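First up is the structure itself, then whatever we jot down about it.
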Amino acid sequence: MSANLVVTGLTQKFGGLTALNNVNMEVNLGEIVGVIGPNGAGKTTLFNVITGVYRPTQGQVVLNGKQINGLKRYEITRLGFARTFQNIRLFKQMTVLDNVKMGMCCRSKCNVFDNLLHTPRKRREEKEQEEKALKILETLNLLDYKYDAPGSLPYGEQRRLEIARAMATDATILLLDEPAAGMNDQETGELSKTVSGLRDSGYTIILIEHDMKFVMNICDRLYVLNHGELIASGTPEEVKTDPEVINAYLGKEEEE
Amino acid sequence: MKKNSVLKKAWTGLVEFVAMHQIPIMAVLILLVIAFPFMTDNKYLLRIATLCLINIVLGLALNLVQGYMGQMSFATAAFWGIGAYAGTIGVMRLGMPSLLGMAFGMAVAGLFGLLIALPTLKLKGYYLSIVTMGFCEIVRIVEMNWQDLTRGSLGIMNIPAVSIFGFRFKSGRANYIIALIILFVVTIFVKNLINSNFGLSLKAIRDDDSAAETMGINIVHVKRVNFVISALICGFVGAFYAQYVSFIHPSSFASGVSQEYIVMIIFGGLGSIPGTFLGCIALTILPELMRSLLQYRLLIYGALMVIMMNFMPGGLLGNLDLGLVRKKILERRSREAVKGSGGGDGE
């Protein structure tokens, strides 16, 4: 299988702090890849670099042979990346449906004049968007909330709405930042089904998560970060038994 | 506490009623405003009504920037003034016909809007407010001192009235109708705009601009386009205003005037078209009713602002979306219908 997203030698420094140090990563089409590691390991920074929030100090992010680091955030999104946020960042004064439709704005083919004059082209597009948004909400089981304010939704639903909004951008690669945070076992179980379902319908998924059961269950491959360095990678089974990983999470055995 | 909930219930009931009967209510209101000039010959009343219409247009333009995009702008009066002066100079010096003058005023205001938007809208927060505040003052000072062009503090007098296809509309009644048409068109444009993807992007930028950019929105571009549209509207109505009142003076376009529009839309409701109508009408008519208190007007405005910010930070009709209320009611009804029939089957 050909590599889809390739990260090579990625280094991100903030002043004297090295948040990422020479990180290499490969994500293939149709995979679920997990990024794990203790708090402060640089996982979210990695997402921020891939989606263009930061420009890396060194290294490259290449999508299908095209270098994407250095592009603006909205340009990267238009290439097919979409992400969710660790701290939920929905548009609070808009309805759930509008939050999803908003994700489609970047694909709109209408210009300002279409919008001003509400031309037939605009009407057609609006109808398509509405249908598509409802379909996405249905996939993620959010249809009943469509006219509610996102702030009034239960926590798990808000996280799912973030995924819905990301899907609406027509992304091929979804980056989910701690999608199961704060969920109970049952909600996490449902989420694994949703995420596997997304993979089956053609998405490539990269996710950060602390819930090990969730990660081990659904990820095809894992990358483990610690202090900004990649300390291990491989299938969940390989990673689970890797001494470096055990050290990072539990500390060294001989130390005491 | 209990009284409060009764009030709330009554209010929700009223909003729901209006939402469900939008078309007949709108039809009646439109008929009333069209019939209004033919019911009275009172020049004073007609003039206040026309000013109301002009103020609503300006309020809508400001609401695009402040209510939907979430950035406070003090440039309303500046663009209004630029439109008025440019339109007047176009007509009186360059010999443009009336309508072309309005288009010219609009274009010049839009150009200045673009000049402001290019550097300032890369930034977020209060930079725009500060720049526009200064811009408004600069525009007034230029209007005051560029004697050759603007006649400075003498103002420009005897501006020819609006004329369309050789017809000169001097009467208050005709100008009221023209203002009404302008308002009608602008309202439809603004409504289309905010209900479109462009409007969704604006609201998203207001709620969380960084997340909006991550969702693929070129936020700087959207903000700039929106700001220029707002300036274009102000400029056009400014040029019309000059031809309507036939006399313009720099003091009509001072930065204090911009603040009044901000008060109007905050009072009526940020991010709401009915709110803009309500706020602009109320705060155009109230000062007229309280002529004897004129010197205390800013004091009253200030008190009003403090009270509003404390008790109704969104304004009277903040973020009210009748279309959404209607959709919610229909949804609830269809759900109840399903439940009702389901229960019937069970028994």
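Each chain gets a letter, A, B and so on, in the order its sequence line appears, and its residues count up from 1. The structure displayed is predicted, hence computed values, not measured ones. No hydrogens, no waters, no symmetry mates; every other heavy atom, side chains included, goes into these values.
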Contact part of A:Gln129 toward chain B, heavy-atom cut-off under 4.5 Å: side chain, backbone, both or neither?
side chain
Looking at B:Glu213 and A:Lys72, is any side-chain nitrogen of the basic one under 4.0 Å from a carboxylate oxygen of the acidic one?
no
Tell me yes or no: between the side chains of A:Arg89 and B:Thr214, is some donor less than 3.5 Å from an acceptor?
no
Is the number of heavy atoms from other residues, nucleotides or ligands within 6.0 Å of NE2 (B:His221) greater than 12?
no
Interface moiety of A:Ile76 toward chain B, non-hydrogen atoms closer than 4.5 Å
neither
Could you tell me whether the side chain of B:Asn197 and the main chain of A:Cys105 form a donor-acceptor pair under 3.5 Å?
no
What one should report as the nearest heavy-atom pair of A:Asp148 and B:Lys328 is OD1-CE, 4.5 Å
So which part of B:Asp321 gets closer than 4.5 Å to some heavy atom of chain A, the side chain, the backbone, both or neither?
neither
Which pair of non-hydrogen atoms, one from B:Asn192 and one from A:Leu116, has the smallest distance, and what is that distance?
ND2-O, 2.8 Å
Has A:Leu17 got more than 12 heavy atoms of other residues, nucleotides or ligands less than 6.0 Å from its CG?
yes
Given heavy-atom pairs under 4.5 angstrom as the criterion, report whether the side chain, backbone, both or neither of B:Leu324 touches chain A.
side chain
Going through the checks in order, is the side chain to side chain contact (heavy atoms under 4.5 Å, CB included) test met by A:Thr169 and B:Met215?
CA-CA 7 Å; A:Thr169 62; B:Met215 291 301 128; 4.1 Å; yes
Quick one: closest heavy-atom pair of B:Lys327 and A:Tyr147, and the distance?
CD-OH, 3.3 Å
Checking heavy atoms, do the side chain of B:Ile229, its backbone, both or neither come under 4.5 Å from chain A?
side chain
Under 6.0 Å from the OH atom of B:Tyr126, do we count more than 12 heavy atoms belonging to anything else shown?
no
Looking only at atom types and distance, does a side-chain atom of A:Arg73 sit under 3.5 Å from a main-chain N or O of B:Gly216, one as donor and one as acceptor?
no
What option among A:Glu125, A:Arg83, A:Arg165, A:Met104 has the most heavy-atom pairs under 4.5 Å with chain B?
A:Arg165
With a cut-off of 6.0 Å (strictly less than), are more than 12 heavy atoms of other residues, nucleotides or ligands near CZ of A:Phe14?
yes
Just how far is it from atom NZ of A:Lys101 to atom OG of B:Ser201, taken to the nearest 0.5 Å?
12.5 Å
Does B:Phe277 have more than 12 heavy atoms from other residues, nucleotides or ligands lying within 6.0 Å of its CZ?
yes
Step by step, work out the side chain to side chain contact (heavy atoms under 4.5 Å, CB included) result for B:Asn218 and A:Tyr74.
CA-CA 6 Å; B:Asn218 184 348; A:Tyr74 64 88; 3.0 Å; yes
Is the number of heavy atoms from other residues, nucleotides or ligands under 6.0 Å of A:Lys132 NZ greater than 12?
yes
Can you list the residues of residues 91-98 of chain A that sit under 4.5 Å from chain B, counting heavy atoms only?
A:Phe91, A:Lys92, A:Gln93, A:Met94, A:Thr95, A:Asp98
Which is it for A:Lys146 and B:Glu331 under the side chain to side chain contact (heavy atoms under 4.5 Å, CB included) test, yes or no, and what are the steps along the way?
CA-CA 10 Å; A:Lys146 62 183 170 188; B:Glu331 169 91 3; 3.2 Å; yes
